[in-house]
Each structure stands twice: as C-alpha cells, then as structure tokens.
Amino acid sequence: MQRSQQTLALAYARVLHLKRFSSSAAAASADAPTVKLLINGEFKDSSTDSWINVTNPATQDVVSRLPLTTVAEFKAAVQAAKDAFPAWRATPVPTRQRVMLKFQELIRQNWVSPPAAAAAAAAAAAAAAA
C-alpha cells in the first residue's frame, strides 16, 4: 500500500473510532463532575459556557469536565498570583520545600486509581438506579 493510502486508511480508522465513542461520551459528560477554579485560595465554580471533557483513554468514559475560563476569571487568577508572589518569594527555601512535599503527600494519599474510580462510579450508578 502506498504511503498516502496508509495515511488515509489511518485517518478513516480514527474517525470511525471517534464516532464509536462520541455518543456515549456526550451522554456521560452531563454526569461528570466539573473542576472548580482555585483563585486566591478559594475554589469557585466557573461561569463559562465552554468546557473540555477529560476522558479515560482506555474506556473513553468522561471522568471530569474542565472549564475554559472567562477573561474575567483568568485576570482574577493572574492578579491573585501576582499578589501572592512577594510573600512566597520571601518564604525561606526549607519552608517552601516542606509545603511542596506536603502537597505531594496529599496527592498520594488522595489518589484514586482508575479501576477504583470506575468501581466507585458503577456502585454509585447502581445505588441511584435502585
């Protein structure tokens, strides 16, 4: 097979793959949790109308939705970061290291593996259906 035919066949296979999962992903996206914005130390819901679905690549299930922030939300986040930077810069390096190591520890403690998350979602769906 010539290279251009291989490229065309691969592109067609990708389109078929996307069509196969697009209807289930669109239906599931309404049930997926949304990610909140962290601005000035507070979690806030976005007021945007545009969202990005985050999918599990193995199953194509939508696991969460990320907001495409509005201009005002973006400016507020940038301003909060600018305001916080002088205090962070003045913090001694060992203290900053402890903060980042604690952050790493919290991520590891609260990590939910994809199979465990899928089992929890299935159990919640079964409980809701009952």
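Keep in mind that this is a model prediction, so the values were computed, not measured. Just so you know, residue 1 is the first one in the sequence shown, and it goes up from there.
Residues satisfying the salt bridge (Lys or Arg N to Asp or Glu O under 4.0 Å) criterion with Asp45, sequence neighbours excluded, are Lys36.
Within the structure, salt bridge (charged side-chain N to carboxylate O under 4.0 Å, His left out) contacts touching residues 82-104 (residues at least two apart or in different chains) are Lys102-Glu105.
Residues Val35 and Trp51 come closest through the heavy atom pair O-CZ3, 4.3 Å. Nearest heavy-atom pair across Val62 and Ala32 is CG1-CB, 3.6 Å. Of all the heavy atoms in Leu68 and Thr48, the pair that sits closest is O-OG1, 2.8 Å.
Considering only heavy atoms from C-beta on, Thr34 stays 4.5 Å or farther from Pro67 through its side chain. By the 4.5 Å heavy-atom criterion applied to side chains, Ile107 and Phe103 are counted as neighbours.
Going from atom CG of Leu101 over to atom CG of Leu106 covers 11.0 Å, rounded to the nearest 0.5 Å. If you take CD1 on Ile39 and CD on Gln79, they are separated by 12.0 Å, rounding to the nearest 0.5 Å. Between atom CG of residue Leu37 and atom CD of residue Glu42 there is a gap of 12.0 Å, rounded to the nearest 0.5 Å. One distance of note links CG of Asp31 with CZ of Arg65; it measures 10.0 Å at 0.5 Å rounding.
Of the possible donor and acceptor atoms, none in the side chain of Asp61 sits under 3.5 Å from a partner among the backbone N and O of Val63.
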Apply side-chain hydrogen bond (donor to acceptor under 3.5 Å, both in side chains) to residues Thr55 and Asn53 and explain how you reach the verdict. CA-CA 6 Å; Thr55 58; Asn53 290 338; over 6 Å; no

If you look only at distance, which donor and acceptor atoms sit under 3.5 Å apart when one is on a side chain in residues 70-77 and the other is two or more places apart or in another chain?
from	atom 1	to	atom 2	distance (Å)
Thr70	OG1	Glu73	N	3.2
Thr70	OG1	Glu73	OE1	3.3
Glu73	OE1	Ser46	OG	2.9
Glu73	OE1	Thr70	N	2.9
Glu73	OE2	Ser46	OG	3.1
Glu73	OE2	Ser47	N	2.7
Glu73	OE2	Ser47	OG	3.3

